[in-house]
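Data first, discussion second: the structure below is written as structure tokens.
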Amino acid sequence: MLWSRSPGHPPTLWDMRIGAHVRQDDDPIGQGEHLGADLVQVFLSDPQKWTKPGVHPRTEQILASDVDVVVHSPYVVNVASLNNRVRMPSRKAVADHAEAAARIGALGLVVHGGHVRAGEDVAAGVENWRKLFERQEDKGGFGVPILVENTAGGDFAMARYFDAIGRLWDAIGDHGPGFCLDTCHAWAAGEDLVGVVERVRAVTGRIDLVHLNNSRDEFDSARDRHANLTDGQIDPQLLAEIAVQADAPIVLETPAEGLADDIAFLREHS
């Protein structure tokens with residue numbers, strides 16, 4: 001549990017850890033403090049490459065700070081892939097980034113659900129996720145929790161639709177993964193956001209992190225384009241309600257120029 005509340009009083013946004021993805025990864029704590037964030041999400045290497053993360057230059061500051069940190073894995077990672085040239089470096093990248101995340105005391109490592117290609121067996125992609133955890137358990141496990149994130153598009157995705165997430169959890173749930181709910185992704189995937197928290201918990205049993213993002217595009221667009229909380233297609237008040245109901249830390253991945261306003265909006269609409 002990463003936030004607290006007084007006995008007998010329901011959760012509010014004032015109780016929660018509200019944070020943001022910061023683009024200035026060289027000084028994440030400074031950026032988080034500038035934004036008034038309780039936590040920050042960072043990349044530890046170029047998100048479009050397979051580069052192994054090294055020792056973070058601000059490790060001591062991060063470990064000493066009250067600002068929590070979550071790490072996002074590179075976008076190139078696709079654990080589900082049936083292509084050895086993608087799947088094998090993806091497994092290594094998850095292990096390497098989890099190890100690097102542990103070195104800075106991160107709460108977890110966010111990993112997209114991934115996909116297989118058109119015509120390939122989705123069940124084989126699910127099996128590759130199971131193998132990721134089984135292989136790492138033989139090596140002592142991951143240094144931080146792996147937080148599987150739902151994705152916006154793809155008919156052959158592991159975590160676009162909630163029924164697919166349920167099948168994925170049937171395979172990996174016993175290995176202790178966490179779940180990261182992205183509101184823009186769910187909206188773009190065509191999943192109704194009314195009652196979304198209950199429906200996610202029905203298939204995963206948990207929500208460990210929320211990427212609270214509005215969407216620039218319409219419902220069921222399959223397009224992952226984030227908007228600031230009051231600027232997109234999703235009712236901002238619904239987003240605030242999801243934040244309360246999820247009972248989990250919040251990370252805003254909204255456009256940088258509106259991040260501080262988004263944090264203020266959440267604090268004002270508990």
Side-chain angles (χ1 to χ4, degrees), residues 1-4 13-77 92-112 136 141-150 176-185 206-213 226 243 246-256 258-260 262-264 266-267:
M1 181 65 69
L2 301 173
W3 58 277
S4 61
L13 291 171
W14 286 100
D15 299 313
M16 296 182 192
R17 306 291 282 174
I18 300 174
H21 182 85
V22 294
R23 278 76 178 175
Q24 295 81 1
D25 293 345
D26 60 328
D27 184 16
I29 299 303
Q31 288 300 311
E33 291 173 345
H34 175 73
L35 290 167
D38 302 312
L39 71 155
V40 292
Q41 177 178 275
V42 300
F43 292 112
L44 294 180
S45 67
D46 188 327
Q48 303 295 348
K49 297 181 179 179
W50 296 107
T51 309
K52 182 177 179 178
V55 176
H56 198 287
R58 303 268 185 165
T59 295
E60 290 186 9
Q61 180 194 20
I62 293 170
L63 291 172
S65 175
D66 290 333
V67 177
D68 290 321
V69 177
V70 174
V71 175
H72 199 300
S73 63
Y75 296 131
V76 291
V77 168
K92 185 176 187 306
V94 171
D96 288 344
H97 282 261
E99 181 180 349
R103 289 198 296 264
I104 60 171
L107 304 178
L109 175 68
V110 177
V111 182
H112 286 172
Q136 194 65 28
F142 291 107
V144 296
I146 303 301
L147 310 180
V148 182
E149 180 179 357
N150 61 306
F179 187 77
C180 173
L181 169 64
D182 187 303
T183 53
C184 175
H185 293 180
R206 61 194 301 151
I207 295 175
D208 299 88
L209 184 71
V210 177
H211 284 170
L212 198 74
N213 304 309
H226 298 180
D247 192 4
I250 307 297
V251 167
L252 297 155
E253 297 178 314
T254 51
L259 268 175
D262 287 339
I263 291 173
L266 281 181
R267 297 204 190 281

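All values derive from a computational prediction rather than experimental measurement. Just the heavy atoms: all of them, side chains too, but no hydrogens, waters or symmetry mates, feed the values below.
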TODO: Test S65 against every option in L39, I29, V40 by the side chain to side chain contact (heavy atoms under 4.5 Å, CB included) rule and name the one that passes.
DONE: I29
Closest non-hydrogen atom pair between [X] and [Y], with its separation:
X: P177; Y: V148; result: CB-CG2, 4.4 Å
X: G30; Y: Q61; result: N-NE2, 4.3 Å
X: L266; Y: A243; result: CD2-CB, 4.5 Å
X: P145; Y: L107; result: CD-O, 3.4 Å
X: I250; Y: M16; result: CG1-SD, 4.3 Å
X: S73; Y: L109; result: N-CD1, 3.7 Å

Side-chain heavy atoms of [X] within contact of [Y], under 4.5 Å:
X: D247; Y: I207; result: no
X: L209; Y: F179; result: no
X: T59; Y: R103; result: no
X: D26; Y: P57; result: no
X: V71; Y: V110; result: no
X: E253; Y: C184; result: no

Open item on the list: Under 6.0 Å between ring centres: does that hold for H97 and F43?
Closed with: no
Open item on the list: For E60, I'd like to know if atom CD has over 12 heavy atoms of other residues, nucleotides or ligands within 6.0 Å.
Closed with: no
Task: Qualifying residue for side chain to side chain donor-acceptor pair (under 3.5 Å) with H211, from H72, Q41, H185 - done: Q41
Open item on the list: With rounding to the nearest 0.5 angstrom, report the CG to OG1 distance, L44 to T51.
Closed with: 12.0 Å
Open item on the list: Distance check, rounded to the nearest 0.5 Å: D68 atom CG versus I104 atom CD1?
Closed with: 11.0 Å
